[in-house]
Structure formats: structure tokens, C-alpha cells
Amino acid sequence: MPTPSGGFEVPLWRAIAVFRVASLAYVCGLALRDADRYAHPIAAGGLVLLMAAWTGVTAVGYAHPARRGWPLLLADLGVVLAILLVTPWVIGRAALAAGVPTLAVAWLAGPVLAWAVSGGRRRGVVAALALGAADLVTRERIGPSTLTGVTLLLLAGVVVGHVARLAVTAEERLHRAVELEAATRERERLARDIHDSVLQVLALVQRRGAHLDGEAGELARLAGEQEAALRALIGGVAPVGSATGGPVDLRGLLGRYASQTVSLSAPATPVPLPARVAHELAAATAAALDNVARHTDGRAWVLVEDEGATVTVSIRDEGPGFAADRLARAAAEGRIGVARSIRGRLDDVGGTVRITSAPGAGTELELTVPREGP
């Protein structure tokens, strides 16, 4: 787990500094009380001064994120290990056997807490095991109280490391939330500006040219499509493509075709399909809508149905319709627009096309593809 870089762990480092100062005060009290029982009282006083100096060094060092790396962490662990290992000579084996506590006592937990905050549970456990083993080496006799101290070190490494990891995770989530909020505010600002300019112009072009023929009518239709696509973009619709080649949400692909003349109804939840299947189905839908625009007043209704194993897109219009044999006659005459642009695309991905029409009754196409593709 990497060293946290934000501000949520700052209170933890401050708490470690406070703990080391408080535990140092406890060490000083014990040293004054038991000085006459030490084998080398003057050396014990020197060690206490060293512990006080190192407490100040770590408080200053860990206060700066750039200094919380391996050099300081290893030095911290090494200093405390050295103090533990010289304890038998300073205090004396006889005094230790008589129950005199080691010189470091609670102060030795400082590196464990620092390692846990910097790297999580695993790093805290490593430091606790190293210090616990050194503490056991200094003992003539290992009793329940000694094992209890080692166990408390391990628990401190695990618990503090877990809390530190939770703090880092919470900070990352907060950063993502702040970034999302900023992006949403920017999108809303852009939406207001675009709505007051580009969208209004596109809507005006679409309305004025909706009933014109030729290139003017085609321009109006394209303006309507671009207006719908732009509205979807500033509204936060996910990208229609898949950069990784994974599943694609069909709703995003079809959303670009929604306009004032094309009504799109889709499920509220994503409709994922393999990228190739989704793009072919969307292209077939576009071809069907082009037919609607050429042969009717342009009004169409598109319905997306997610049926689990299959996905069906229905395109319906209220145009003049056509006789049942018209498509066959058109194919025989060499006009294969529907066969190539719609049926051909669906056949390539294992889908089916069902066309229902009658003169004066409009036309309905049902494009069905399998969920997993061919």
C-alpha cells in the first residue's frame, strides 16, 4: 500500500507524536523511580536523553510528507531496536529478573504506529514482530506479561494500519467526489451557454427546414440529429464507443438519433452488447430511420427492449406503408437498400429482421440480435 499523500492521515501522524511524548514522560517517571536498581544508572540517563532527542527528530520528520519514506522509517526502527538490545546491560539481568521493566516500555510502540500509518496493516505487523522479538531476547524469562506486551504491539500494528488504510480510501473517494462535482458544475455552465447559442440555432434550422425538400430538408434533419446528440453530451450520457473493446451500452449509440421527429424509448438501465453487435444494430437502425425520412414526414418511434438473451429495436412510422411484395420486387429490380443496409447487417451478427407494413398503415421494423453475438 502506498504512502498516503493527502490530508486525512495528518491527524494520525500528530497522534503518534503525542503518543511518543506521553510515553516518554512515562519512561522518565519509571527511570526516576527505579534508578537505584539499575546496573548503570548514568547510562540509563543517557538513553533517556537519547529517547527524548529521537522523539523530537521523529516528530519533526514525520510532520512533512516528503520525509515519511524508508530512510526515516528504518532509522526509527533501528534506534528503538538498539535501545531494546542494550537494556539488559543498562538495567542488569538481575533487575530484569526481579521485575524491573525494560527502559523503553510503551515508548517502543512508536515505530510500529509509524510503519502502520505509512504502509497499512502488513507493514505495521512487520515492525511489531521485529520489536517484539527484540523485547523477548532481552528477557531472562518469558512470562505472560511479556507475551501480552508483544500481542499488544501486534494489535496496534493491525488496528492502526487498518484505520490508516480506511483514511486513505476515504480521501480518494472524497477527491473523486470533488472532481465529479466540479465536472458537473462545468457541464451545467456549458449547458447554459450552449443552450443559449448553439442548441437554439440548431433547433431553429430543424424547425424551419423540416418541411422542405432536397438539400434544405436534409440539412434540417441533420441539424435535428446534432441537436439531440449535443443535448445528450451536455446531459452527461456516457461515450457511445468502447475504448477497450468491451461491451457497449446500446442506449448511447441510439441516443444520437433522437430528435424532435424521432422519439426514442429505452430502458433506464444500461443495455450492454458486444461492440460489433451494438454498432451493427445501431447502423441498421440509422438506415431504417433514413428510409423513414425519405418516404414519410419524418416522424418515427424507436423502442429498445432488453429481453435478456436478445435485444430488440423496433422502428415504427405512420407513413404510407407498402405492399407485402414491394421489398421482393425492389430486390429483383436491383434496389437492395433494405436488404444490404438492414438485413445484411443483422445477418452478419446473427440477428433477424421482421418488417410489418400495409398500404396506408405505416411500417414497423423489429431488429433482434442475440446478447452474445454470433
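- Among all heavy-atom pairs drawn from L281 and V313, the shortest one is CD2-CG2, 3.8 Å.
- R165 and E9 are not joined by a salt bridge, as no carboxylate oxygen comes within less than 4.0 angstrom of a charged side-chain nitrogen.
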Given T310 and T368, is the side chain to side chain donor-acceptor pair (under 3.5 Å) satisfied, shown in steps?
CA-CA 7 Å; T310 61; T368 302; over 6 Å; no

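- Screening residues 21-60 for ring pair (Phe, Tyr, Trp, His ring centres under 6.0 Å), with sequence neighbours left out, gives H40-W89.
- I16 contributes atom CD1, which lies 11.5 Å from atom OG of S23 (distance to the nearest 0.5 angstrom).
- Legend: ring pair (Phe, Tyr, Trp, His ring centres under 6.0 Å) pairs involving residues 90-122, not counting sequence neighbours, sorted by first then second residue: W70-W115.
- Shown here for A278 and L273, the closest heavy-atom pair between the two residues is CB-CB, 3.9 Å.
- Looking at heavy atoms from C-beta onward, R276 lies in side-chain contact with D348 at the 4.5 angstrom threshold.
- With sequence neighbours excluded, no residue forms a ring pair (Phe, Tyr, Trp, His ring centres under 6.0 Å) with H162.
- Residues M51 and V27 meet the side-chain proximity criterion, which asks for heavy atoms closer than 4.5 Å.
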Output, in order, the C-alpha distance, side-chain angles, deciding distance and verdict of side chain to side chain donor-acceptor pair (under 3.5 Å) for T356 and R354.
CA-CA 7 Å; T356 304; R354 187 171 71 87; 3.1 Å; yes

Check the pair E181, R185 against salt bridge (Lys or Arg N to Asp or Glu O under 4.0 Å), reporting the backbone distance first and the verdict last.
CA-CA 6 Å; E181 183 182 1; R185 287 199 300 266; 3.1 Å; yes

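- A donor-acceptor contact closer than 3.5 angstrom is absent between the side chains of S314 and R316.
- Ion pairing of D76 with R20 is present here, as a side-chain N (NZ or NE/NH1/NH2) and a carboxylate O approach within less than 4.0 Å.
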